[in-house]
Novice: 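Take this structure first; my questions come after.
Throughout, protein chains are lettered first and strands after them, A, B, ... in sequence-line order, and every chain is numbered starting at 1. These numbers come from a predicted model, not from an experiment.
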There are 4 protein chains.
Amino acid sequence: MTPPNPELRNPRSHRAILDSTFELAVSKGYGKLTVEAIATAAGVGKQTIYRWWPSKGAIALDAINERMGHLTDFPDTGDIEADLRSQTTALAGLLSSDIGIVYRGVIAEAQSDPHLAANVRDAIVGPRSKLCRDRLERAVTAGQLRGDIPTRAMVQLLYGPLYYRFLLGTDDVQDAPELVGYILAGLRTHDS
Amino acid sequence: MTPPNPELRNPRSHRAILDSTFELAVSKGYGKLTVEAIATAAGVGKQTIYRWWPSKGAIALDAINERMGHLTDFPDTGDIEADLRSQTTALAGLLSSDIGIVYRGVIAEAQSDPHLAANVRDAIVGPRSKLCRDRLERAVTAGQLRGDIPTRAMVQLLYGPLYYRFLLGTDDVQDAPELVGYILAGLRTHDS
Amino acid sequence: MTPPNPELRNPRSHRAILDSTFELAVSKGYGKLTVEAIATAAGVGKQTIYRWWPSKGAIALDAINERMGHLTDFPDTGDIEADLRSQTTALAGLLSSDIGIVYRGVIAEAQSDPHLAANVRDAIVGPRSKLCRDRLERAVTAGQLRGDIPTRAMVQLLYGPLYYRFLLGTDDVQDAPELVGYILAGLRTHDS
Amino acid sequence: MTPPNPELRNPRSHRAILDSTFELAVSKGYGKLTVEAIATAAGVGKQTIYRWWPSKGAIALDAINERMGHLTDFPDTGDIEADLRSQTTALAGLLSSDIGIVYRGVIAEAQSDPHLAANVRDAIVGPRSKLCRDRLERAVTAGQLRGDIPTRAMVQLLYGPLYYRFLLGTDDVQDAPELVGYILAGLRTHDS
DNA sequence: TTCTAATCGAGACGGTACGTCAAGTCTTGCC
DNA sequence: GGCAAGACTTGACGTACCGTCTCGATTAGAA
């Protein structure tokens with residue numbers, strides 16, 4: 001009936017659930033992750049999980065989100081290519097780590113769970129995308145990048161190939177930063 | 001013990017299974033697709049399904065593969081941008097159709113099923129990728145595109161943003177062809 | 001640890017619990033009665049219930065006990081058959097009423113709860129049995145009934161068929177008083 | 001949808017379920033009997049239980065029914081009192097045995113499950129009642145018992161006190177046969 | 001033409017996990 | 001300290017599917 005009161009939430013259980021979820025997803029594989037196993041591993045009742053999350057994907061999303069780290073500003077050394085390259089390298093490293101294993105599962109589950117998909121966009125993709133666009137915006141203002149391409153599109157040109165490799169497994173994600181140069185070639189102003 | 005003999009296979013059952021799978025995946029959603037429901041809908045015993053496919057993802061893969069149509073050659077009008085744009089438009093249309101609904105589910109399942117992932121690459125992604133690379137190769141030879149970028153990478157630059165939109169749902173896939181021009185800008189030779 | 005102090009008990013909560021229990025048991029059926037529902041309906045915390053009663057059967061027992069009415073003396077008109085018949089009719093009416101619905105549930109629960117069973121005997125069956133035996137005793141003294149049969153047994157001969165119908169549902173409990181005459185035939189002295 | 005086909009039933013599982021149910025009910029107590037425990041003990045899936053029985057009460061009923069033994073004819077030595085006494089003794093023994101423990105639980109559950117109650121009457125109470133009435137009928141015909149009392153009522157006079165002791169626990173069921181004489185006193189013809 | 005062998009529809013089976021319900025305990029803050 | 005409120009662990013519920021396993025009943029060459 002009434003939604004639970006977040007202030008009365010037990011922080012220990014909360015922590016244990018997120019931690020157990022992450023560890024189990026990594027060790028057993030996301031596909032074999034079950035709410036029951038999470039509850040057992042966290043020493044928690046299943047109801048406590050269902051009280052706060054609608055699906056295991058939602059838990060996993062929370063678990064990886066807090067592990068993806070602080071959204072400090074994008075690096076801004078003035079050199080847009082170097083900045084994008086270092087950022088892309090960081091993201092590629094993330095996707096290749098344990099976090100990537102779980103993230104992959106979350107994205108998979110989101111394919112048939114529109115609500116989860118929206119949460120992924122809001123919590124993970126959106127904010128990081130925003131930071132990237134901000135940096136790109138500055139490069140446009142500085143006359144380094146073309147002003148006639150929406151930064152929204154630029155972000156997709158940059159990250160698209162990364163996710164392509166990540167989700168289709170055609171190539172090693174870690175090598176994706178190599179592609180940055182090719183993309184930038186099309187985004188630069190002629191005199192930069 | 002012994003693998004089944006394909007010659008003794010009942011073609012009617014085969015057809016019914018693929019058709020029912022596709023229809024159910026579209027109507028109920030891939031996530032709610034079950035082998036049991038396929039068997040019932042196809043008027044087929046469950047064993048008959050398990051005799052020929054290892055998982056529902058494998059069935060769905062077969063079902064969409066035959067619906068994706070003939071792999072004729074890439075269009076080659078001599079105008080590389082027009083060719084890529086028309087090809088990308090075709091792919092975007094595909095991903096936005098019923099086939100896309102099922103394909104999305106197959107990719108999701110492939111995230112935790114390496115065997116299925118390999119099949120997706122071999123049956124769907126690879127062949128289409130190959131055709132694209134062939135066309136790109138010709139454009140390179142014709143001096144329209146830079147020769148110092150592997151066509152393998154070019155394909156990812158082109159299709160990456162498409163799959164990004166398809167799987168993350170940030171933007172309408174149908175609008176993806178707009179991005180082709182931006183990518184090509186970086187791939188062209190200076191004098192083209 | 002320490003048992004609660006009955007003097008500090010909130011009479012309003014006490015009343016609300018007993019009333020809600022009875023009403024819920026009647027309306028939803030004893031089998032679907034839950035402590036949680038009682039607490040909610042009574043506007044009371046669950047702990048308040050558990051502080052004063054060990055099980056829902058115990059609450060229900062209290063609830064029906066106070067509704068079964070004052071244990072005034074058995075009627076004693078001098079006509080033992082008429083007295084037993086009127087008494088039996090009263091009991092049959094009780095068992096056929098809402099009270100019977102709850103009583104049935106309490107007896108059921110008592111089958112696997114010896115403590116509750118003892119309470120049922122002490123609070124409900126015993127006292128009424130005692131009154132009946134007192135009346136029978138007077139009839140024995142008056143020479144109307146045989147003196148060689150324990151009144152304890154007589155009570156069971158009289159009430160047994162009633163409970164038989166009540167708990168096994170073979171016949172309408174309301175018709176049970178008809179049986180009194182048959183039983184008495186065997187209990188009378190020859191010259192009565 | 002469609003009810004399962006009894007011919008395809010696995011007899012080994014059937015047996016194991018009934019046996020495990022009986023043993024668990026006796027060892028743990030009927031109140032602590034769970035479908036899950038039965039399934040585990042019988043080495044059977046829960047679904048297999050739910051496929052064939054609607055509730056644990058129904059399983060337990062089957063289990064005790066087959067253990068209550070052959071419904072051979074009532075003894076008929078010509079001496080109605082001896083016959084009833086021996087029969088009552090047998091029933092009292094039954095109720096005092098392990099079977100009684102389970103039967104008690106079934107009757108309890110039947111109090112809030114009309115369908116089960118009907119099954120108890122049909123499978124247990126009814127047939128035994130019928131045999132008793134047949135014997136009583138013969139005694140009536142032989143002029144030993146009064147013809148103006150329905151045998152249906154006689155049965156309740158005889159068994160009522162037994163069930164009263166059994167379900168209310170006021171006295172030892174084993175001593176119930178003592179009561180037969182008192183009841184018969186009222187049922188006999190004057191010249192018998 | 002009968003025999004033999006494999007596939008087929010059907011569906012029961014032992015399991016695993018689901019998401020829900022309620023039990024009884026514990027904690028917090030008000031009266 | 002009792003109380004209302006409600007989150008907690010525990011454990012069972014009844015359901016849905018999984019993938020395996022009999023069953024007869026076709027069906028198809030091989031004898």
Novice: Check the distance between E:dC13's P and B:Lys46's NZ and give it to me in whole angstrom.
Specialist: 13 Å

Novice: Rounded to whole Å, please give me the gap between CD1 in D:Ile17 and P in E:dG15.
Specialist: 12 Å

Novice: Classify C:Thr48 by what it touches in the nucleic acid, base, sugar-phosphate, or nothing, heavy-atom distance under 4.0 Å.
Specialist: sugar-phosphate

Novice: For D:Leu61 and D:Tyr103, what are the C-alpha separation, side-chain angles and deciding distance, and is it a side chain to side chain contact (heavy atoms under 4.5 Å, CB included)?
Specialist: CA-CA 7 Å; D:Leu61 176 55; D:Tyr103 189 24; 5.9 Å; no

Novice: When you check the phosphate oxygens OP1 and OP2 of F:dC3, does a side-chain N or O of C:Trp52 lie under 4.0 Å from one of them?
Specialist: yes

Novice: Starting at CG of C:Asp62, measure out to CD1 of C:Ile17 and round the result to the nearest 0.5 Å.
Specialist: 10.5 Å

Novice: Please give, in whole Å, the distance from F:dA12 P to A:Gln47 CD?
Specialist: 16 Å

Novice: Both A:Ser55 and B:Ala42 contact DNA chain E. Which one's nearest nucleotide lies toward the 5' end?
Specialist: B:Ala42

Novice: Rounded to the nearest angstrom, tell me the gap between atom CD in A:Glu109 and atom P in E:dC18.
Specialist: 11 Å

Novice: Kindly check if the number of other-residue, nucleotide or ligand heavy atoms within 6.0 Å of CZ (B:Arg12) is above 12?
Specialist: no

Novice: Check this one for me: any side-chain N or O of D:Thr34 less than 4.0 Å away from OP1 or OP2 of F:dG11?
Specialist: no

Novice: According to a strict under-4.0 Å criterion, is B:Ser13 in side-chain N/O contact with OP1 or OP2 of E:dG9?
Specialist: yes

Novice: Over how many whole Å does the gap from B:Glu7 atom CD to E:dA5 atom P extend?
Specialist: 18 Å

Novice: Can you check whether A:Arg51 has a side-chain N or O nearer than 4.0 Å to OP1 or OP2 of F:dC8?
Specialist: yes

Novice: Please tell me which of C:Gly45 and D:Lys32 maps to the more 5' nucleotide of DNA chain F, matching each residue to the nucleotide holding its nearest heavy atom.
Specialist: C:Gly45

Novice: Round to the nearest Å and state the distance from D:Lys28 atom NZ to F:dA12 atom C1'.
Specialist: 15 Å

Novice: Short question: side chain of B:Arg67, backbone of B:Ala63 - any donor-acceptor pair under 3.5 Å?
Specialist: yes

Novice: For DNA chain F, whose closest nucleotide is more 5', that of B:Leu33 or that of A:Asn5?
Specialist: A:Asn5

Novice: Can any side-chain N or O of B:Gln111 pair as donor or acceptor with the backbone N or O of A:Ala108 at less than 3.5 Å?
Specialist: no

Novice: Whole Å only: how far is the OH atom of A:Tyr50 from the C1' atom of F:dT9?
Specialist: 16 Å

Novice: Which sits closer to the 5' end of DNA chain E, A:Ala37 or A:Leu8, going by the nucleotide each is nearest to?
Specialist: A:Ala37

Novice: Can you check the B:Glu36 CD to F:dT15 C1' distance for me, whole Å?
Specialist: 12 Å

